[in-house]
Amino acid sequence: MSRPIIFLGFEGVLSLAPNAVVCKVLNTALRRKRLDDSLLQSLFCREACENLATLQQQHNAQFVITSIWGDILLKEELCTLLGKCDLHFITANLHKHWRIPFDDWAFKFEEIDDWLRLYQRRHAQFIIIDDDQERQWQTLAPHIWSRTVSCVGNHGFTRDRLKEASQFFAG
């Protein structure tokens, strides 16, 4: 049996840092310069990361990145950055096809649907953890919307969202 999939956004889910901090970290990573430890520590919310690690361990899930980070960083750059933030559980469990096919003209739900179609995983057990509240998801892609755990209000992946996500995988 194949492992369940977590389509994972970073912004608003694990990273609650202001956009300026995120931009600085990504720019530094792209230039392969040394990242400041204090900057890295402010990048991710510890509670959200611990909750995601719990979900991954409980269900042996693999990750597919839906965040723009997956579009602008190479896999090695992303893994290095996440490793420096002690998020090895994400890098160790990236799916072979580790990111959605990014399209500047598509909505995220379309990119996720494209990934599921491309890799013949339409019937796979999956959830989406994101902060995106696109209303189009509800009407245009109910099969995507119904499997989405939305992190709202700049609180990230809280214990309540962990419980909700676990229920998707429990059946």
Side-chain angles (χ1 to χ4, degrees), residues 1-17 22 43-71 73 75 78-79 81-103 106-171:
M1 185 171 160
S2 61
R3 295 168 63 188
I5 297 167
I6 298 171
F7 288 96
L8 179 64
F10 290 131
E11 303 86 351
V13 176
L14 299 181
S15 177
L16 305 180
V22 173
L43 187 57
F44 293 105
C45 171
R46 183 179 309 272
E47 178 191 356
C49 294
E50 289 170 357
N51 290 335
L52 184 64
T54 298
L55 180 67
Q56 190 286 319
Q57 290 166 359
Q58 287 175 346
H59 302 284
N60 192 29
Q62 292 182 298
F63 295 102
V64 174
I65 306 303
T66 63
S67 169
I68 191 69
W69 300 24
D71 191 29
L73 295 176
K75 183 178 182 180
L78 179 68
C79 290
L81 176 62
L82 294 175
K84 288 180 180 181
C85 296
D86 293 326
L87 297 175
H88 300 285
F89 74 95
I90 295 175
T91 60
N93 291 288
L94 282 176
H95 190 277
K96 177 173 79 171
H97 305 289
W98 64 279
R99 63 184 184 168
I100 57 173
F102 290 94
D103 179 346
F107 292 108
K108 190 177 292 186
F109 73 84
E110 294 172 309
E111 295 167 331
I112 292 168
D113 207 29
D114 285 346
W115 188 98
L116 291 166
R117 185 182 38 76
L118 281 169
Y119 303 113
Q120 300 168 356
R121 301 298 304 271
R122 283 184 157 284
H123 301 291
Q125 190 176 24
F126 72 90
I127 61 168
I128 301 155
I129 304 175
D130 206 291
D131 73 333
D132 207 339
Q133 292 295 307
E134 295 177 8
R135 285 288 164 217
Q136 300 91 332
W137 290 35
Q138 279 183 294
T139 54
L140 299 177
H143 63 290
I144 300 287
W145 177 261
S146 67
R147 307 210 47 80
T148 301
V149 175
S150 295
C151 301
V152 295
N154 205 32
H155 295 291
F157 191 59
T158 62
R159 272 245 181 269
D160 288 341
R161 300 290 74 83
L162 169 60
K163 290 176 188 173
E164 182 183 348
S166 290
Q167 289 174 354
F168 278 116
F169 286 143

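What you are looking at is a predicted structure, and each value in this text was computed from that prediction instead of being measured.
Remark: Arg46 pairs with Glu50 by the side chain to side chain contact (heavy atoms under 4.5 Å, CB included) rule, at least two apart or across chains. The ring pair (Phe, Tyr, Trp, His ring centres under 6.0 Å) test applied to Phe157 returns no partner, not counting sequence neighbours. Looking at residues two or more places apart in sequence or on another chain, you find a side-chain hydrogen bond (donor to acceptor under 3.5 Å, both in side chains) between Arg161 and Glu164. Looking at residues two or more places apart in sequence or on another chain, you find a side chain to side chain contact (heavy atoms under 4.5 Å, CB included) between Glu11 and Ser67, Ile68, Trp69. Residues satisfying the side chain to side chain contact (heavy atoms under 4.5 Å, CB included) test with Ala92, not counting sequence neighbours, are none. Taking Gln56 as the reference, Asn93 meet the side-chain hydrogen bond (donor to acceptor under 3.5 Å, both in side chains) condition, with sequence neighbours excluded. Take Trp98 and apply the ring pair (Phe, Tyr, Trp, His ring centres under 6.0 Å) test, not counting sequence neighbours, and it matches no residue. With sequence neighbours excluded, no residue forms a side-chain hydrogen bond (donor to acceptor under 3.5 Å, both in side chains) with Gln57. Partners of His95 under the ring pair (Phe, Tyr, Trp, His ring centres under 6.0 Å) rule, at least two apart in sequence or in another chain, are His97, Trp115. For Asp114, the side-chain hydrogen bond (donor to acceptor under 3.5 Å, both in side chains) partners two or more places apart in sequence, or in a different chain, are Arg117.
Considering SG of Cys49 and CG of Asp86, their distance stands at 9.5 Å, rounded to 0.5 Å. Taken from CG in Asp113 to CG in Leu118, the straight-line distance is 10.0 Å, to the nearest 0.5 Å. Atom CD1 of Ile128 and atom CZ of Phe168 lie 9.0 Å apart (nearest 0.5 Å). Note that CD of Gln62 and NZ of Lys96 are 10.0 Å apart. Values are rounded to the nearest 0.5 Å. Here the CD1-OG1 distance, from Ile112 to Thr148, works out to 6.5 Å after rounding to the nearest 0.5 Å. The structure places CD1 of Ile90 at 8.0 Å from CG of Leu94, a figure rounded to the nearest 0.5 Å.
Here the closest non-hydrogen pair linking Ala106 and Glu111 is CB-CG, 4.1 Å. Minimum heavy-atom separation, Arg147 to Phe126: NE-O, 2.7 Å. Nearest heavy-atom pair across Leu52 and Ile6 is CD1-CD1, 4.4 Å. Annotation for Asn60 and Arg3: closest pair O-NE, 2.8 Å, computed over non-hydrogen atoms. Counting all heavy atoms, side chain and backbone alike, Gly70 lies closest to Phe102 at C-CE1, 3.6 Å. Contact detail for Ala165 and Ile127: the closest heavy-atom pair is CB-CD1, 3.6 Å.
Counting heavy atoms from C-beta outward, Phe7 and Ile100 have side chains that approach closer than 4.5 Å. Side-chain atoms of Lys108 and Asp130, non-hydrogen and from C-beta on, do get closer than 4.5 Å to each other.
More than 12 heavy-atom neighbours from other residues, nucleotides or ligands sit within 6.0 angstrom of NZ on Lys75.
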inquiry  = With side-chain contact (heavy atoms from CB on, under 4.5 Å) as the criterion, how do Leu8 and Leu14 come out once you've worked through the C-alpha distance, each side chain's angles and the decisive distance to 0.1 Å?
reply    = CA-CA 9 Å; Leu8 179 64; Leu14 299 181; 4.2 Å; yes

ask   = Does the side-chain contact (heavy atoms from CB on, under 4.5 Å) test come out yes or no for Val13 and Val149, once each step is laid out?
value = CA-CA 10 Å; Val13 176; Val149 175; over 6 Å; no

Worked verdict on Cys151 versus Ile129 for side-chain contact (heavy atoms from CB on, under 4.5 Å) = CA-CA 7 Å; Cys151 301; Ile129 304 175; 3.9 Å; yes

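The backbone N or O of Thr158 sits nowhere less than 3.5 Å from a side-chain atom of Glu47 that would complete a donor-acceptor pair.
Between Phe44 and Phe10, the angle of the ring planes goes over 60°, which puts this pair in the perpendicular group of the 30/60° scheme.
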